S.K.: 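Have a look at this one.
It should be emphasised that the depicted structure is a prediction, and the values quoted were computed from it without experimental measurement. Throughout, residue positions are numbered sequentially from 1 according to the sequence presented.
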Amino acid sequence: YGEQQFDDSFDGLVQPGSAFKPIVLATALDQGISLETTMDGAYRRTIGGDTFTNDSRAENGVYTLTEMTAKSINTAYVELGQRVGLDKVASMAVKMGVPAWTGRLNAGFTSLPLGTVSVSPVTMASVYATFAAGGRHVPVHVISEITDKDGGPVWTRIGSVTKVPHEPERAFSEAVARDATVALRAVVRSGTGTRADLGVRPVAGKTGTTEKNRSAWFVGYTPQLATAAAMWREGR
């Protein structure tokens, strides 16, 4: 760190691909749309003047929100973004921890549900932590102090440090968080993220890849922890 202050976890800005879809899911659930709502997931669709395809021609049909999350159906999610409103998706993203200044977030591009914005791994872990915390979001921060059991400061070589509070803000209801977790657990149980299954420990999450595999993600959470694993390459 003394030689290079750039940190991939905090400073690396990469498109999350389908790992962004749960933000669209949360927006839909927050609007009262049910997990059993069905969407057209045809392999190829033209929506908003742009043509989108799924990852496989076998992904071609009608899917519930749970199914299209587990299978990561692109066309259905693009339509869902149109249904709930891309401005509402952008607003939800900010509530869940995506910086408001993030490029392309508020541009209204039809492709937004497919994760065409650039974010850091820490940001995505923060977003998913909102699900784990029952719909409450805590701003990203590093630990600057450890207190004793009575809340008093622990002395270090440089003395005590004043505690800086990080109050959670509600992004959506606990009911929305529960429903989203049902869908994201389906990803791990039977969808694109089965290798993240921890067996006896409950895991929810979402995979994400971008065009030409420039980046690959898994972002997930247990009831206690949220984490993001990302790999990417620059250039063509």
Side-chain angles (χ1 to χ4, degrees), residues 1 5-27 29-30 69-70 72 89-105 112-144 164-172 174 176-188 191-198 201-210 214-233:
Y1 183 82
Q5 288 75 47
F6 186 90
D7 186 313
D8 283 342
S9 296
F10 285 85
D11 303 316
L13 299 178
V14 190
Q15 291 187 359
S18 292
F20 189 89
K21 288 174 180 173
I23 298 175
V24 187
L25 175 65
T27 307
L29 295 172
D30 193 50
T69 303
S72 200
V89 173
S91 177
M92 179 63 75
V94 173
K95 290 180 183 178
M96 296 178 71
V98 176
W101 47 259
T102 299
R104 298 174 61 95
L105 181 62
L112 178 62
L114 304 185
T116 53
V117 299
S118 294
V119 292
S120 71
V122 165
T123 290
M124 290 306 295
S126 171
V127 165
Y128 279 58
T130 310
F131 292 121
R136 295 174 300 166
H137 177 73
V138 177
V140 169
H141 59 282
V142 295
I143 296 172
S144 59
V164 179
H166 295 277
E167 293 297 331
E169 296 182 0
R170 183 156 294 283
F172 45 77
E174 291 186 9
V176 167
R178 285 195 298 270
D179 281 352
T181 297
V182 169
L184 294 173
R185 289 201 68 186
V187 173
V188 176
T192 59
T194 54
R195 295 191 68 178
D197 187 7
L198 295 179
R201 193 171 189 187
V203 179
K206 184 74 184 73
T207 54
T209 55
T210 60
R214 288 192 177 93
S215 64
W217 295 71
F218 180 80
V219 191
Y221 56 98
T222 67
Q224 298 82 19
L225 298 171
T227 191
M231 298 175 61
W232 65 85
R233 57 187 172 87

S.K.: Of the non-hydrogen atoms in Y221 and Y128, which two are nearest, and what is the gap between them?
M.R.: CD2-O, 3.8 Å

S.K.: Please find the pair of heavy atoms, one from S126 and one from G97, that lie closest to each other, and give the distance.
M.R.: OG-CA, 4.3 Å

S.K.: OG1/T130 to CD/E169 distance, rounded to the nearest 0.5 angstrom?
M.R.: 10.5 Å

S.K.: What is the distance from atom CD of Q15 to atom CH2 of W232, rounded to the nearest 0.5 Å?
M.R.: 13.0 Å

S.K.: Could you report the tightest heavy-atom contact between A19 and W217, atom names first, then the distance?
M.R.: CB-CB, 4.3 Å

S.K.: Test K206 against every option in T192, V188, V219 by the side chain to side chain contact (heavy atoms under 4.5 Å, CB included) rule and name the one that passes.
M.R.: T192

S.K.: How far does CG of L184 sit from CG of L25, to the nearest 0.5 angstrom?
M.R.: 6.0 Å

S.K.: Could you give the distance from NZ (K95) to NE2 (H137), rounded to the nearest 0.5 Å?
M.R.: 12.5 Å

S.K.: Considering non-hydrogen atoms only, spot the tightest contact between D30 and F172 and give its length.
M.R.: OD1-CB, 3.8 Å

S.K.: Should V24 and L112 count as side-chain neighbours, where that means a heavy-atom distance under 4.5 Å?
M.R.: no

S.K.: Only distances under 3.5 Å count here; give the side-chain donor-acceptor pairs of residues 116-123 to other protein atoms, sequence neighbours excluded, each with its distance to 0.1 Å.
M.R.:
unit_1, atom_1, unit_2, atom_2, d
S120, OG, T123, N, 3.1
S120, OG, T123, OG1, 3.0

S.K.: To the nearest 0.5 Å, what is the distance between CD (E174) and CZ (R136)?
M.R.: 7.0 Å

S.K.: Could you state the interatomic distance from OG1 (T210) to CG (L114), rounded to the nearest 0.5 Å?
M.R.: 11.0 Å

S.K.: If you compare all heavy atoms of G134 against all heavy atoms of R170, which two are closest, and at what distance to 0.1 Å?
M.R.: O-NH1, 3.0 Å

S.K.: Between S215 and V14, what is the shortest heavy-atom contact and its length?
M.R.: CB-CG1, 3.4 Å

S.K.: L105 and V94: side-chain contact (heavy atoms from CB on, under 4.5 Å), yes or no, with the steps?
M.R.: CA-CA 9 Å; L105 181 62; V94 173; 3.9 Å; yes

